[in-house]
Number of protein chains: 2
Amino acid sequence: MPETIPVSTTEDALEPPTLARRAFDSIKSDIIDGELAQGTKIVESDLALKYGISRGPLREAIHRLEQIKLIVRIPHAGSRVVTLDARMMQDIYEAREALEGMAARLAARLMPDNEIASLSALLDQHEAAISETEGKAYFQREGDIDFHYRIAVASQNQWILENLNGELYQLIRMCRRQSGQIPSRAQTALSQHRQIAVAIAQRDEELAELLMRRHISGAWKIVRKILEDQHDSN
Amino acid sequence: MPETIPVSTTEDALEPPTLARRAFDSIKSDIIDGELAQGTKIVESDLALKYGISRGPLREAIHRLEQIKLIVRIPHAGSRVVTLDARMMQDIYEAREALEGMAARLAARLMPDNEIASLSALLDQHEAAISETEGKAYFQREGDIDFHYRIAVASQNQWILENLNGELYQLIRMCRRQSGQIPSRAQTALSQHRQIAVAIAQRDEELAELLMRRHISGAWKIVRKILEDQHDSN
DNA sequence: CAGGCATAAATTGTCAACAATAATGACCAA
DNA sequence: TTGGTCATTATTGTTGACAATTTATGCCTG
């Protein structure tokens, strides 16, 4: 039986649960899940009351959220939940393309054989999940992040891993939520993942990077199309 | 007469000089310039006393320094100035190669003609400065960052610009300081810059990215060589 | 009635004291 | 002497009050 342990995307869960840390996690979830709508004004005293903590730790949480670009802050004027416009989304996808392309290249160079096997097994799971649930694209989305996460880990580059996992993936989730339902891309995404896995298994750095970049820029083109259609209907 | 206005690398100098902001800038300079040695233990009360402010704003400054990876912090245990080892340097150069490669590609697509002309003029200045000062490599280093900064701006990608300018370039400076004197690379760097500028002027995205990546990975190879020699002599 | 200035309210920035946690060192026992 | 345990100390985490700044409100003037 192949390994079937899903890799959690929330890495640092073992940190001491300081108040600031907990507030950070809570607010982050609220923003990503859309409970705190984009553009919402953040008032420190209100949130502190809501979470039952003082303004000190809450401020620290806000600063951390600002650093991962979920909140924009203007000195003396307050902070708001970020509003993702098309411009910012493009920036994010471009950066992701560059970093994940590099990650794929490094993975092809460094990923241990057993992890490559495990990666392949993960894709088998995905295939099974797709044919079972048919249209359940949501499942595929989580799996999608799982696949990309594994490659980021395999790159053995801490900087790239932290920036992808700690910042870009969160924003990507918000992009997806915002652009509504993305048409059944599960099949094509899976086959692209397979090609990338093969390239890594063959230790073909060049190809792995190329395929990963095409995969991501393709995803962006689809999202952009949706955004344009939304905009046209206004 | 061509434009000779040097572009400052410290962008957001117009922010209200809040205490936290000032402390952040001061400590950042101290770390980059080596006044606060790598690995130094950071004690909040001491630093607060040193800068004549309270612990509140100082904590904010420390958190921001942690986010740009100049400080590492362990909850309840305190924080230290980062110690750059070979592993981390490699991570940084790999990330930089990916991001600046993408930036060069985007610059080739988007940079306005007059800015391209200005970029070329900047390289003329550098050439003059090199032949004048001969061995003054330091001058060239600042110019080097200036060149790369302009391309990051020309990419029109805010995420890439902020990460390069706000984080990676600072760390690169520390790398350079640590690896001591780098042998007269001014000439070869300049000629590589010229090639990149030409590729951008010809709107050759592919070539611009390729040359930029070679340029950076070449720089890393030299730095790594120096580090290995330092290590061997122990 | 419109526009600008002054005042008032709301919100963020800063501070000093208190509580909780981890590092230090002394003491005791094997 | 060494190893472990406990008290002490130093340092970080948290809090509520105060100061500075911005935004909102309403009045006055043209």
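Keep in mind the model is a prediction, meaning the values are calculated, not measured. Reminder, nothing fancy here: chain letters follow the sequence lines and each chain counts from 1.
For A/W159, the side-chain hydrogen bond (donor to acceptor under 3.5 Å, both in side chains) partners two or more places apart in sequence, or in a different chain, are B/E167. In this view, B/N163 satisfies the side-chain hydrogen bond (donor to acceptor under 3.5 Å, both in side chains) rule with no residue, not counting sequence neighbours. B/D30 pairs by the side-chain hydrogen bond (donor to acceptor under 3.5 Å, both in side chains) definition with B/Y51, not counting sequence neighbours. Applying the side-chain hydrogen bond (donor to acceptor under 3.5 Å, both in side chains) rule to A/Q38 yields the partners A/Q178; only residues at least two apart in sequence or on another chain are considered. B/E94 meets the salt bridge (Lys or Arg N to Asp or Glu O under 4.0 Å) test with no other residue; sequence neighbours excluded.
The distance between atom CZ of A/R80 and atom C1' of C/dT11, rounded to the nearest whole Å, is 13 Å. Note: CG (A/L47) to P (C/dT11) measures 12 Å, nearest angstrom. When the C1' atom of D/dT12 is taken as reference, atom CD of B/E66 falls 14 Å away, rounded to whole Å. One interatomic measurement links the two molecules: OH of A/Y51 to C1' of D/dT14, which rounds to 18 Å at whole-angstrom precision.
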I need a per-nucleotide contact map over nucleotides 12-20 of chain C, read 5' to 3'. Cutoff is protein heavy atoms under 4.0 Å; write B for the base, S for backbone only, - otherwise. BBBBB----
Could you pull out all donor-acceptor pairs under 3.5 Å where a side-chain atom in residues 78-86 of chain B meets a protein atom, sequence neighbours excluded?
from	atom 1	to	atom 2	distance (Å)
B/R80	NE	B/G39	O	3.2
B/D85	OD1	B/M88	N	3.0

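Rounded to 10 degrees, the angle separating the terminal axes of the helix from C/dC1-D/dG30 to C/dA30-D/dT1 is 10°, with each axis obtained from five end pairs.
If you take CD1 on A/I92 and CG on A/L171, they are separated by 4.0 Å, rounding to the nearest 0.5 Å.
Judged as a salt bridge (charged side-chain N to carboxylate O under 4.0 Å, His left out), the pairs with a partner in residues 46-58 of chain A (not counting sequence neighbours) are, in order, A/E44-A/R55.
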